[in-house]
Protein chains: 2
Amino acid sequence: MDAATRAQFVESWGSMGGLWGINRSMARIHALLLATREPLSLEDIARELEMSRGNASMSLKELRNWGVIRRVHLTGERKDYYIAEDDIWSMLFRIASERKKREFDPALAALRKALEATPPGNDLVRQRLGELEEILRAVERVLDRFLKDEEASRGMLKFLSAPIPYPGSGKGKKSRG
Amino acid sequence: MDAATRAQFVESWGSMGGLWGINRSMARIHALLLATREPLSLEDIARELEMSRGNASMSLKELRNWGVIRRVHLTGERKDYYIAEDDIWSMLFRIASERKKREFDPALAALRKALEATPPGNDLVRQRLGELEEILRAVERVLDRFLKDEEASRGMLKFLSAPIPYPGSGKGKKSRG
DNA sequence: CCAAACGTTCAGATCATCCTGAACGTTACA
DNA sequence: TGTAACGTTCAGGATGATCTGAACGTTTGG
């Protein structure tokens, strides 16, 4: 494995962290593990990525919470070793689930609280909060359906990206509403 | 309109900024405009939200770039006035489009660049970048289809959140690839 | 031409987030 | 029990995002 290539991969993955909603250190560690066949120890990682052991430790812990890496033990070794979850789809799926839980759900809860806390007579606020709540409720149903089953969602993505039209997607108005 | 209610709405919308991918000041201004029937001037906004005129100016400019507010001119007035785009769906749609453009597209471009820059022989990196590219390509097709037409996407959301099954959504395994 | 009213910009202050590294806890083994 | 190897934590420093406010442009009217 070409070290320069791996380094470049680590850095581009790292700067893509924003898209996944994880920070740079986590993304870089994740990339390194994705690009390496052998399990790596905390020390290997900290040395290779030139980061502190503390940061590596925290980031590895967090990546395990996200479910995108696993800790393994090598017989005869005292150190902990880590490998990446090898299924990319599964990784994306976990990231999506986690982000819904961390970002979407609290926002929807806050919105509902705001709606309850709005006394009658504030028509404009009530109306707009209400519209938003209705839309986000629909979004939530879609997300929940999608995130319920990792296998099924694979098929769903394929279905939705395939060039076959379905109700609501075409130019021609097909009623509905 | 109840000032305390409006203030609370502004603050909850403001703290929801993260979900929309816009910052706190932008979200607060947007909320204030959503909760007010009359057009407001830059000065009105800066006073009401206790922020600097500079910040208000920059945030208003940015909100206009996102297409979620509009500048209007009142006859006989020198000041600029602002109102919120009144259709919530339209607002969410614009936000979604903008975020795809700002976050997703550059990440996919970076991924493709990384893939090209990976010399043959780096099998693991190539394979994993390739899998990811394939998935994101499918995601992109879905997003493009969804974001192509504001009206159609309304129907699509309804369709997807309705309790009718379609291929790939059920428990039963239907082949596999 | 000048002055007032208004909008915009951006250097530096403020604030939040992330990272480092020393201190500490735990385990294995003599 | 002592000590070496290792992992974890967290106070404080570094970095990056956001906000302020003074300086500067532009427009309007005298």
Side-chain angles (χ1 to χ4, degrees), chain A residues 10-11 13-33 39-66 69-83 99 102-103 106, chain B residues 10-11 13-33 39-66 69-83 99 102-103 106:
Chain A
V10 165
E11 295 317 319
W13 200 275
S15 55
M16 242 186 278
L19 184 64
W20 315 131
I22 68 184
N23 70 32
R24 214 179 107 79
S25 294
M26 283 170 66
R28 294 204 320 142
I29 292 176
H30 187 216
L32 180 61
L33 291 173
L40 297 176
S41 69
L42 185 148
E43 206 180 345
D44 295 333
I45 292 166
R47 184 176 2 88
E48 176 89 16
L49 300 183
E50 298 179 42
M51 65 171 60
S52 70
R53 299 160 55 77
N55 188 15
S57 174
M58 295 298 243
S59 298
L60 285 165
K61 183 180 168 190
E62 194 64 0
L63 284 166
R64 283 201 301 139
N65 286 342
W66 283 73
I69 68 172
R70 258 179 303 156
R71 185 161 63 187
V72 297
H73 290 283
L74 304 188
T75 49
E77 281 276 6
R78 280 181 62 182
K79 288 180 190 170
D80 296 340
Y81 284 80
Y82 299 88
I83 57 177
R99 289 195 74 176
R102 291 180 186 214
E103 299 173 32
Chain B
V10 165
E11 295 318 320
W13 200 275
S15 55
M16 243 186 275
L19 184 63
W20 315 130
I22 67 184
N23 70 30
R24 214 180 107 79
S25 294
M26 283 170 67
R28 294 204 320 142
I29 291 175
H30 186 216
L32 179 61
L33 290 172
L40 297 177
S41 69
L42 185 150
E43 206 181 344
D44 295 335
I45 292 166
R47 186 177 359 90
E48 177 87 17
L49 300 183
E50 299 179 42
M51 65 172 60
S52 70
R53 298 159 55 76
N55 188 15
S57 174
M58 296 297 244
S59 298
L60 284 165
K61 183 181 167 188
E62 194 65 0
L63 284 166
R64 282 202 301 138
N65 286 342
W66 282 72
I69 67 172
R70 259 180 300 158
R71 184 159 65 186
V72 296
H73 290 284
L74 304 187
T75 50
E77 281 274 8
R78 280 181 62 180
K79 287 180 190 168
D80 297 340
Y81 283 81
Y82 299 88
I83 58 177
R99 289 195 75 176
R102 292 180 185 213
E103 299 173 33

Q.
I need the B:Glu50 CD to B:Arg28 CZ distance, nearest 0.5 Å.
A. 8.0 Å

Q.
Output the rounded distance in Å from CG (B:Leu42) to C1' (D:dG21).
A. 13 Å

Q. Which pair of non-hydrogen atoms, one from B:Leu33 and one from B:Tyr82, has the smallest distance, and what is that distance?
A. CD2-O, 3.3 Å

Q: Take the C1' atoms of the five end pairs on each side of the helix from C:dC1-D:dG30 to C:dA30-D:dT1, derive the two axes, and give their angle rounded to 10 degrees.
A: 0°

Q: Select base, sugar-phosphate, or nothing to describe what B:Ser25 touches, counting heavy atoms under 4.0 Å on all strands.
A: sugar-phosphate

Q) Relative to each other, are the rings of B:Trp13 and B:His30 parallel, tilted or perpendicular (30° and 60° limits)? A) perpendicular

(Q) If you assign each of A:Lys61 and A:Glu77 to its closest nucleotide in DNA chain D, which residue comes earlier from the 5' end? (A) A:Glu77

Q: For residues A:Met26 and A:Trp66, determine if any side-chain heavy atom of one lies less than 4.5 Å from a side-chain heavy atom of the other.
A: yes

Q) Could you give the CD-to-C1' distance, from B:Glu62 to D:dA17, as a whole number of Å? A) 14 Å

**Q.** Full working for side chain to side chain contact (heavy atoms under 4.5 Å, CB included) between B:Glu11 and B:Arg24
**A.** CA-CA 9 Å; B:Glu11 295 318 320; B:Arg24 214 180 107 79; 3.5 Å; yes

Q) Just how far, in rounded Å, is C1' of D:dC19 from CG of B:Leu49? A) 14 Å

Q) How many Å lie between CE on A:Met51 and P on D:dT15, as a whole number? A) 15 Å

Can you name the atoms? Protein N/O to nucleotides 25-30 of chain D N/O, anything below 3.5 Å, with the distance.
from, atom 1, to, atom 2, distance (Å)
D:dT27, O2, B:Arg78, NH2, 2.9

Q. To the nearest angstrom, how far is A:Arg53 atom CZ from D:dA5 atom P?
A. 12 Å

(Q) Students often get this wrong, so: under 4.0 angstrom with heavy atoms, is A:Asn23 touching a base, only sugar-phosphate, or nothing? (A) sugar-phosphate

Q) Heavy atoms, side chains only, cut-off 4.5 Å: are A:Asp44 and A:Tyr81 in contact? A) yes

**Q.** Side-chain heavy-atom pair B:Glu62, B:Asn23 within 4.5 angstrom cut-off
**A.** no

Q) Starting at CD1 of B:Ile29 and ending at P of D:dT18, how long is that distance when rounded to a whole Å? A) 14 Å

Q) Measuring from B:Ile45:CD1 to B:Leu60:CG, what's the distance to the nearest 0.5 Å? A) 4.5 Å

Q: Considering only heavy atoms of chain A and a distance under 4.0 Å, specify the first and last nucleotide of DNA chain C in 5' to 3' order that meet this criterion.
A: C:dC18 to C:dA28

Q: Considering non-hydrogen atoms only, spot the tightest contact between B:Ser25 and B:Ser59 and give its length.
A: CB-OG, 3.6 Å

Q.
Contact between A:Glu48 and A:Val10 at the side-chain level, heavy atoms closer than 4.5 Å - yes or no?
A. no

Q: Check whether any side-chain heavy atom of A:Leu42 sits under 4.5 Å from a side-chain heavy atom of A:Arg53, and report yes or no.
A: yes

